[in-house]
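Taking it in order: structure first as structure tokens, then the write-up.
The figures that follow rest on heavy atoms only: side chains count, while hydrogens, waters and symmetry mates do not. Because the structure is a prediction, the values reported are computed rather than measured. Just so it is clear: chains get the letters A, B, ... in the order the sequence lines come, proteins before strands, and each one is counted from 1.
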4 protein chains.
Amino acid sequence: MRKSKTSLIFQAAIDVFSEKGFDKATMDDIAARANVAKGTIYYHFKSKEELFLFLVEEGVEMLRDGVESKLLDDMHPREKIELILREQISFFGQYRDFCVILLRESWGAEDRQLEFRKMIRSYMSLIEGVVREGIEADTFHSVNAENAGSALFGMAAIASLHILLGKGEYDEEQLFSDLKRMALAGLVK
Amino acid sequence: MRKSKTSLIFQAAIDVFSEKGFDKATMDDIAARANVAKGTIYYHFKSKEELFLFLVEEGVEMLRDGVESKLLDDMHPREKIELILREQISFFGQYRDFCVILLRESWGAEDRQLEFRKMIRSYMSLIEGVVREGIEADTFHSVNAENAGSALFGMAAIASLHILLGKGEYDEEQLFSDLKRMALAGLVK
Amino acid sequence: MRKSKTSLIFQAAIDVFSEKGFDKATMDDIAARANVAKGTIYYHFKSKEELFLFLVEEGVEMLRDGVESKLLDDMHPREKIELILREQISFFGQYRDFCVILLRESWGAEDRQLEFRKMIRSYMSLIEGVVREGIEADTFHSVNAENAGSALFGMAAIASLHILLGKGEYDEEQLFSDLKRMALAGLVK
Amino acid sequence: MRKSKTSLIFQAAIDVFSEKGFDKATMDDIAARANVAKGTIYYHFKSKEELFLFLVEEGVEMLRDGVESKLLDDMHPREKIELILREQISFFGQYRDFCVILLRESWGAEDRQLEFRKMIRSYMSLIEGVVREGIEADTFHSVNAENAGSALFGMAAIASLHILLGKGEYDEEQLFSDLKRMALAGLVK
DNA sequence: AATGAATGAGAATTCATTCAT
DNA sequence: TATGAATGAATTCTCATTCAT
């Protein structure tokens, strides 16, 4: 009786959505997983769509806030990028299911999907800002900051999920070290 | 009367699946788009699943073959990476809808999705090979080649789609130049 | 703080039922309109059905009592019919929503509907009595009094609602004059 | 195998709708009554709403056409009114269920209900025309023709249903004679 | 007396698939 | 080969009613 119904539903929804995707997941699935009557979900969330949106909102916020709170003003841009990569890798490891949802459901023209991309964009623009800062400080090469932002996000996201959904162990250190090298120093010696 | 029913259906399926995604697309949609009776689709393809699988197979093959055919043995690994990035950026620009399908439908535990990831993996391993080659030739830093492969694929994929699904113009040259810089020389000056 | 909960609910129920009809009206609607928790309604009324029945009972009683109280023994049957028509026209104008409920929910085989028809019948039989009286006094042509009762009720009801639910103004005088003429003197000169 | 599925559904729908009303009637009911799978209904009719609308359209048309086709130009207005009354009484007797639907579902503000009233109005205006004709020929008293139209329709409708839904026998002759008298000659001797 | 969270039995609608022609 | 009418299982969502507080 510790958990509120709302958070039971929330947890169950993450599980089910990440397992089956938005369309294949059913409210019956979620209700069963949460040990709650179907009507109860609708008492707390207006629709499947809204439940899903809420869930993604929370997740992206968590990722962004986690990174944002650790970024200190007096850090060097290079250090900031490192921190972002490290955080993102760790977040993906910790919330694999949520990250699957994110990559799965963000592409398309439905309202929900547009909404998701907007959220992701809000996170990317955080990275973008750091890149811009580095360029202005003449520490970074002059690249299009938006491209850099989405590329950094994408490289970390896909590489993380590639491992997490494969059979291998998720060696965060190795991945971090590789991505750091590629992003900051480049592949070429 | 030129086109075989099969290819009519195939074309219609690409259109509809990329527009709506696997689940939201209906066989009626596809039949209507192909100007064919619904039963006819079932005469040519066993199921919706099979039609979709066939379609994605063709697409990934196209991407891989396009890259593979242009990779020459005597190219420098750096040149090969450049070529791969350029090709992938161009492919995503050309087949945006197919790429959306790919990113949308590859994450999950259904057979179809495992199948997709296997296909993508086959493409990634092509990149992986080049990285390994570069490391062995002592041109590249020593990174985990698998990580590098998925990171390179992911960076190009996400950055491309980020632009293609936003409102901006798809400036392939700029994107290529930025990704090349990040991947090969690194952000830091 | 003046109003008892019961009458708050009663008022809200009239509003909501007439706006949406029995089936489309929800207990949530009514509770919200009454500014009362849903459970409270069930504290005062056993069920939706009972609440509705109670409400219609009151309404029909109001109509019948209104007419009955104005019918004086020494009136001429012709005058009585006139009075009934006038009263009914005025009642329909004043309680349009209730009258809609009445016409909407009285036809069918459910208990509730049988109950309603019984109530309406009790009102009709009031008219019937006057007709019978007129026939016995040899003032009215000899018609089947039951037919006459329902016909008079129906002519006034439908004509009233026809105007009230259309866009036109509700000209009670004109309507009264027309119905009186038709019912008492007939159309033909 | 004689009947087309469409007409099977049509018949079943009339039965069920008149028995239970639009809201209480379920597509399952109708499918079961028609001995057809639920999906089949949706193959032939886009929605419950549309099925219902179609049904009412047909019915009103039948009533109006029936009357219209029997109205001859050289009839006296009085004869025309008689004919209309007779026809309507007979129609209500024959299609009691449909008529219940009509009186049940025409009152309210939903689109469907507005649509219904429009249909009924189209029938009423037929009566209206005859009344106007009579007034112009100086055969009828000068009343508001619209009021007369709705009143005549209403008197016949309610009186018919009053009998048909009660236990008594439906004595068409008696009812016709009574209504004719009231409408044309008036109650008063 | 009053509350409102929780319930679960339906309801309308969709759609992949089948099959007789 | 091709068709499209027919199917029925599955899905989202609604809402009267209950009950612990």
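Counting to the nearest Å, the P atom of E:dA16 and the CZ atom of B:Phe45 are 15 Å from each other. Nucleotide F:dC13 holds its P atom 10 Å from the CG atom of A:Leu51, rounded to whole Å. In this structure, the CG atom of C:Asn35 is 14 Å from the C1' atom of E:dA2, given to the nearest Å. In this structure, B:Ile41 atom CD1 and E:dT18 atom C1' are separated by 14 Å, rounded to whole Å. Distance A:Glu49 CD to F:dT11 C1': 15 Å, rounded to the nearest Å. Per the geometry, OH belonging to B:Tyr43 stands 16 Å off P belonging to F:dG4, to the nearest Å.
By the neighbour-count criterion of 12 heavy atoms within 6.0 Å, atom NZ of B:Lys118 is sparsely surrounded, having that number or fewer from other residues, nucleotides or ligands.
In this structure, D:Tyr42 reaches the E:dT13 phosphate: one of its side-chain N or O atoms is under 4.0 Å from OP1 or OP2. Using a 4.0 Å cut-off, no side-chain N or O of B:His44 falls inside it from OP1 or OP2 of F:dT1.
Of the options B:Phe116, B:Phe98, B:Phe45, a ring-ring contact (aromatic ring centres under 6.0 Å, His included) to B:Phe52 is made by B:Phe116 and by none of the others.
By the 6.0 Å and 45° rule, B:Arg112 stacks over the aromatic ring of B:Phe22.
For B:Lys46 and C:Thr40, each mapped to the nucleotide of DNA chain E holding its nearest heavy atom, the one lying further toward the 5' end belongs to C:Thr40.
Between the base of F:dT17 and the side chain of C:Lys38 there is a donor-acceptor pair shorter than 3.5 Å. For A:Lys48 against F:dT11, a side-chain-to-base donor-acceptor contact under 3.5 Å is absent.
Using a 4.5 Å heavy-atom threshold, the side chains of C:Val56 and C:Phe17 count as separate.
With A:Arg104 contributing its side chain and A:Lys20 its backbone, the two residues share a donor-acceptor pair below 3.5 Å. With hydrogens and angles ignored, the 3.5 Å screen pairs no side-chain donor or acceptor of B:Ser7 with any backbone N or O of B:Phe10.
The stretch residues 5-32 of chain C touches DNA chain F through C:Ala25, C:Thr26, C:Met27, each having a heavy atom within less than 4.0 Å of the strand.
Base-pair partner of E:dA1: not found among the strands shown (Watson-Crick or G-U wobble, both distances under 3.5 Å). When both pairing distances are held under 3.5 Å, F:dT12 makes a Watson-Crick or G-U pair with E:dA11. Base pairing of F:dG4 is made with E:dC19, judged by Watson-Crick or G-U wobble geometry with both donor-acceptor distances under 3.5 Å.
The CD atom of A:Glu110 sits 7.0 Å away from the CD atom of A:Glu49 when rounded to the nearest 0.5 Å.
One C1' atom belongs to F:dT21, the other to E:dA1, and the distance between them is 13 Å to the nearest Å.
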